[in-house]
There are 2 protein chains.
Amino acid sequence: MTLAKIRPIENFSQVDKIEMSLQEYLRAENFQPGDALPKEMELAEAMGVSRTAIREALSRFRTLGIIESRKNRGMVIAKPDVLNNMERVLDPQLLDDETMNEIFEMRLVIEMGLGDVLFLRKHNANFSLLEKIVEKEERATTQLDIVECDIEFHSMLYKLSGNKTIMRFQKLLRPVFDHVYAKLSENAEAYTDNTLNDVTPVTHRDLLHTLKYGNPEQFRNQMYTHLFDYFKELNPALRAASS
Amino acid sequence: MTLAKIRPIENFSQVDKIEMSLQEYLRAENFQPGDALPKEMELAEAMGVSRTAIREALSRFRTLGIIESRKNRGMVIAKPDVLNNMERVLDPQLLDDETMNEIFEMRLVIEMGLGDVLFLRKHNANFSLLEKIVEKEERATTQLDIVECDIEFHSMLYKLSGNKTIMRFQKLLRPVFDHVYAKLSENAEAYTDNTLNDVTPVTHRDLLHTLKYGNPEQFRNQMYTHLFDYFKELNPALRAASS
DNA sequence: GTCATACATATGTCGTACATATGTATGATT
DNA sequence: AATCATACATATGTACGACATATGTATGAC
């Protein structure tokens, strides 16, 4: 055993090496979406490995959406969907609590920052959709309906931002968000009621009004107040107590 | 040919079906990180397919980080890294301009919303690190040094947020951010200078001071002003002109 | 009881053969 | 000559069988 150090990171599988080699090759040759890749056999021969190994490496790229392949057309570089890979893994059943709390927080952060984009795109925004949701909420009676309208309202804000990536990101994070919120709520039932003590609550109608007639600064501050319930949950002391 | 409709979405590959079947199985049986999976041969026999096909389906899960496998220990459910999959695909060379613009914007949104988390965790924040960066920046002479300090400052804000997921997200988005910004800058050289016309610029020192002695509201507004140059680039008219 | 050795086992790699779908060339029909 | 149907070639998809390799377990020597 001539182990220079405790474990020379020759821990890489053969397929791992092939994958890296391929990645480098694609970069170096400046492959772009639509470009055709060499055939599997050519790659296998060029790298001196079996087709099986090559295929497994290619399978990884295919899984990530970097390449696509069809029966006789061969393989081509694809335009990967950045969020799709994340989506397949965002399973509350698999993620640990810390990560989910951080994702929960991330969604709040995005929601806070979203206001400025909304004002940036105000001119072509369709406020009537938002208006409808607010009205529906005000007519709602059951708690379930109210919650549903709440979700709709915030989803619509994302939609109005005009940023499809952010919108998809929100949709994608929702299960985690709901999961964390449900968990936090049951650990701290009293918190839903004593919010009125410190600040005047900001309704969705308030936000809509500010969006239409106010300025970004007002909107930011109102949104913070509106989300304050959630932000409170993120207090480290509370977090420690709930874990 | 008994095609009921033009194309019954039997377009799924065999491996696709195996993958779905496995996914469902894992959900139904409530598999959790650490749990061992059946052996490849058992799965193959149970589903009536070859080990090759099973292995390709499993390879996808392995690629996504849902499972891990070692030589004799078999396979176990893993805790997937939500961002790792995204990272492997965030290649400016592969993504289209629209997506990259949206990611650029997303980073701004996060940066805007980050302030409130910073104030939430103020008490255990280490401002001296931020202080050092600001000082270094003020002593900097070359444009390159200044840019570097700028990046350092904002990175440090992420770090001080205490949210590791958001922090990693920022690191991950940086290449795209830089790529888009470089592109925007060269298309609109004049914009760097005429910022002083409308608003008084907010320096990093201002931000630091507000973070220490001010309140979230002030910080939000200052950060918006600080990032205004970037936000301006997102003006739809400018975006259309640059594409 | 500790250590070294041999064995069993599950994943990793390989080679080959065949299935399947897609593109291309061939040839018949009008 | 243009169009359509057919046959063929080709590259990926699937399958099977064999062996390599690493890890856990049992066996046995001292």
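We name chains A, B, ... by the order of the sequence lines, and we start the count at 1 in each one.
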Query raised in the report: Tell me, which pairs form a ring pair (Phe, Tyr, Trp, His ring centres under 6.0 Å) where one or both residues lie in residues 15-59 of chain B, sequence neighbours left out?
Result: B/Y25-B/F31
**Report entry** ring pair (Phe, Tyr, Trp, His ring centres under 6.0 Å) pairs, two or more places apart, involving residues 47-89 of chain A
**Finding:** none
**Report entry** Those residues of residues 59-76 of chain A lying under 4.0 Å from DNA chain C by at least one heavy atom
**Finding:** A/K71, A/N72, A/R73
Requested in this report: Name every residue in residues 21-43 of chain A that has at least one heavy atom under 4.0 Å from any atom of DNA chain C, in order of residue number, or write none if there are no such residues.
Outcome: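 Listed by number, there are none.
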Query raised in the report: Should B/E56 and A/R55 count as an ion pair when the cut-off is N to O under 4.0 Å?
Result: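 Yes, this pair counts.
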Requested in this report: May I ask you to verify if any side-chain N or O of B/R55 is less than 4.0 angstrom from the OP1 or OP2 atom of C/dG12?
Outcome: yes
Side-chain donor/acceptor pairs under 3.5 Å, residues 69-81 of chain B, sequence neighbours excluded:
unit_1 : atom_1 : unit_2 : atom_2 : d
B/S69  : OG     : B/R62  : NE     : 3.2
B/D81  : OD1    : B/L83  : N      : 3.2
B/D81  : OD1    : B/R168 : NH1    : 2.9
B/D81  : OD2    : B/R168 : NH1    : 3.0
B/D81  : OD2    : B/R168 : NH2    : 3.2

Name every donor-acceptor pair, under 3.5 Å, that has one atom in a side chain of residues 44-54 of chain A and the other anywhere in the protein, sequence neighbours excluded.
unit_1 : atom_1 : unit_2 : atom_2 : d
A/S50  : OG     : A/T52  : N      : 3.4
A/S50  : OG     : A/A53  : N      : 3.4
A/R51  : NH1    : A/E40  : OE1    : 2.3

Query - B/D116: side-chain hydrogen bond (donor to acceptor under 3.5 Å, both in side chains) partners, not counting sequence neighbours - result: B/R220
**Report entry** Results of side-chain hydrogen bond (donor to acceptor under 3.5 Å, both in side chains) for B/T63 - residues two or more places apart only
**Finding:** none
Collect all protein-nucleotide pairs involving nucleotides 14-17 of chain C in which both atoms are nitrogen or oxygen and the distance is under 3.5 Å.
unit_1 : atom_1 : unit_2 : atom_2 : d
C/dC14 : OP1    : A/Q14  : NE2    : 3.3
C/dC14 : OP2    : A/S50  : OG     : 3.1
C/dC14 : O5'    : A/S50  : OG     : 3.4

Query raised in the report: For the residue pair B/F169 and A/F169, does the interplanar ring angle fall in the parallel (under 30°), tilted (30 to 60°) or perpendicular (over 60°) class?
Result: tilted
Query raised in the report: What is the ring orientation for B/Y230 with B/F177, classed by angle as parallel under 30°, tilted 30 to 60°, or perpendicular over 60°?
Result: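 B/Y230 vs B/F177 ring planes: tilted.
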Spacing between [X] atom [atom1] and [N] atom [atom2], to the nearest angstrom:
{"X": "A/E56", "N": "C/dT11", "atom1": "CD", "atom2": "P", "answer": "13 Å"}
{"X": "A/F12", "N": "C/dT13", "atom1": "CZ", "atom2": "C1'", "answer": "19 Å"}
{"X": "A/K17", "N": "C/dT13", "atom1": "NZ", "atom2": "P", "answer": "9 Å"}

Query raised in the report: Just by modelled atom types, is the A/Y158 backbone N or O under 3.5 Å from a matching donor or acceptor in the A/S161 side chain?
Result: yes
Query raised in the report: Can you tell me which stems DNA chain D forms when a stem means 3 or more consecutive Watson-Crick or G-U pairs under 3.5 Å?
Result: C:1-30 with D:1-30
Query raised in the report: Among all residues two or more places apart in sequence or in another chain, which pass the salt bridge (charged side-chain N to carboxylate O under 4.0 Å, His left out) test with A/R107?
Result: A/E111
Requested in this report: Give every residue pair that meets the salt bridge (charged side-chain N to carboxylate O under 4.0 Å, His left out) criterion with at least one member in residues 170-180 of chain B, sequence neighbours excluded.
Outcome: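 Those involving residues 170-180 of chain B do not exist here.
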Query - Sole residue of B/L118, B/L114, B/L157 in side chain to side chain contact (heavy atoms under 4.5 Å, CB included) with B/M223 - result: B/L157
